[in-house]
Amino acid sequence: MFENVKATIYLPQAFFSNSIRGLSKEQLFEYVEMLGKYIRTNPDSLYINTMCQTHKIDIENLALYVYDPDFPSFILASNTNREFRSLSVLASMISTNAI
């Protein structure tokens, strides 16, 4: 069971050069930086829904790699009916203080 397992999410170089939606590396860095600040201020506030890979499953040190910036969506922990279907949408909600 994976409940209450802490994981580290890694965004390798491919994440920043793989956007089919045409997001530039600079935009992606800005969005990730914005998300990082939000998470530090509001820990445990978001769930991420994404396809990821790992090299091995280690329950004590789970490392997840996200390679595609167009796939992740995010869900508010306080209201699981509230989903942000892309990193861009989430970034706009954070930047306008809508969440």
Side-chain angles (χ1 to χ4, degrees):
M1 176 167 270
F2 291 102
E3 189 172 324
N4 296 320
V5 172
K6 294 197 182 240
T8 302
I9 297 173
Y10 293 94
L11 306 175
Q13 180 60 35
F15 179 89
F16 295 97
S17 56
N18 220 5
S19 176
I20 58 174
R21 292 184 181 156
L23 294 173
S24 69
K25 288 181 185 180
E26 293 78 19
Q27 284 175 306
L28 287 170
F29 278 118
E30 183 181 324
Y31 292 165
V32 169
E33 184 177 82
M34 190 180 302
L35 176 59
K37 288 179 184 175
Y38 180 82
I39 294 296
R40 282 189 290 282
T41 306
N42 304 284
D44 301 323
S45 60
L46 290 171
Y47 297 118
I48 184 171
N49 179 24
T50 191
M51 189 180 301
C52 59
Q53 297 178 359
T54 187
H55 300 279
K56 66 179 183 172
I57 298 176
D58 178 354
I59 299 300
E60 301 299 319
N61 186 21
L62 189 58
L64 303 173
Y65 296 84
V66 178
Y67 291 95
D68 187 346
D70 298 308
F71 187 74
S73 65
F74 302 85
I75 301 168
L76 277 180
S78 62
N79 180 359
T80 56
N81 292 322
R82 193 145 181 222
E83 181 178 1
F84 308 102
R85 297 200 176 266
S86 70
L87 183 57
S88 300
V89 171
L90 179 64
S92 68
M93 298 302 280
I94 292 170
S95 69
T96 60
N97 294 316
I99 60 169

For Leu46 against Leu35, the heavy-atom pair lying closest together: CD1-CD1, 3.8 Å
Pairs satisfying ring pair (Phe, Tyr, Trp, His ring centres under 6.0 Å), at least one member in residues 68-99, at least two apart: none
Flag if over 12 foreign heavy atoms under 6.0 Å of CG, Asp44: no
Partner residues of Ser78 under the side-chain contact (heavy atoms from CB on, under 4.5 Å) criterion, sequence neighbours left out: Leu76
Listed partners of Ala77 passing side-chain contact (heavy atoms from CB on, under 4.5 Å), at least two apart: Tyr47
Co-membership, hydrophobic cluster, residues Ile9 and Tyr67, 4.5 Å side-chain: no
Which atom of Ala63 lies closest to which atom of Thr54, heavy atoms considered: O-OG1, 2.7 Å
Tyr10-Leu28 co-clustered via ILVMFWY side chain contacts under 4.5 Å: no
hydrophobic_cluster_shared for Val66 and Leu64, side chain cutoff 4.5 Å: no
Which residues share a side-chain contact (heavy atoms from CB on, under 4.5 Å) with Val32, sequence neighbours left out: Leu11, Phe15, Phe16, Leu87
Tyr31 and its side-chain contact (heavy atoms from CB on, under 4.5 Å) partner, picked from Ser92, Ser88, Ser95, Ser86: Ser88
For Arg85, salt bridge (charged side-chain N to carboxylate O under 4.0 Å, His left out) partners two or more places apart: Glu83
Derivation of the side-chain contact (heavy atoms from CB on, under 4.5 Å) call for Asn42 and Ile99: CA-CA 10 Å; Asn42 304 284; Ile99 60 169; over 6 Å; no
Hphob cluster co-occupancy, Ile75 + Ile94, side-chain heavy atoms under 4.5 angstrom: no
Salt bridge (Lys or Arg N to Asp or Glu O under 4.0 Å) contacts in which one or both residues fall within residues 59-70, not counting sequence neighbours: none
Nearest heavy-atom neighbours spanning Leu62 and Lys6: CB-O, 3.9 Å
Ile57 side chain near Ile59 side chain, heavy-atom distance below 4.5 Å: yes
Student check: side-chain heavy atoms of Met93 and Arg82 closer than 4.5 Å: yes
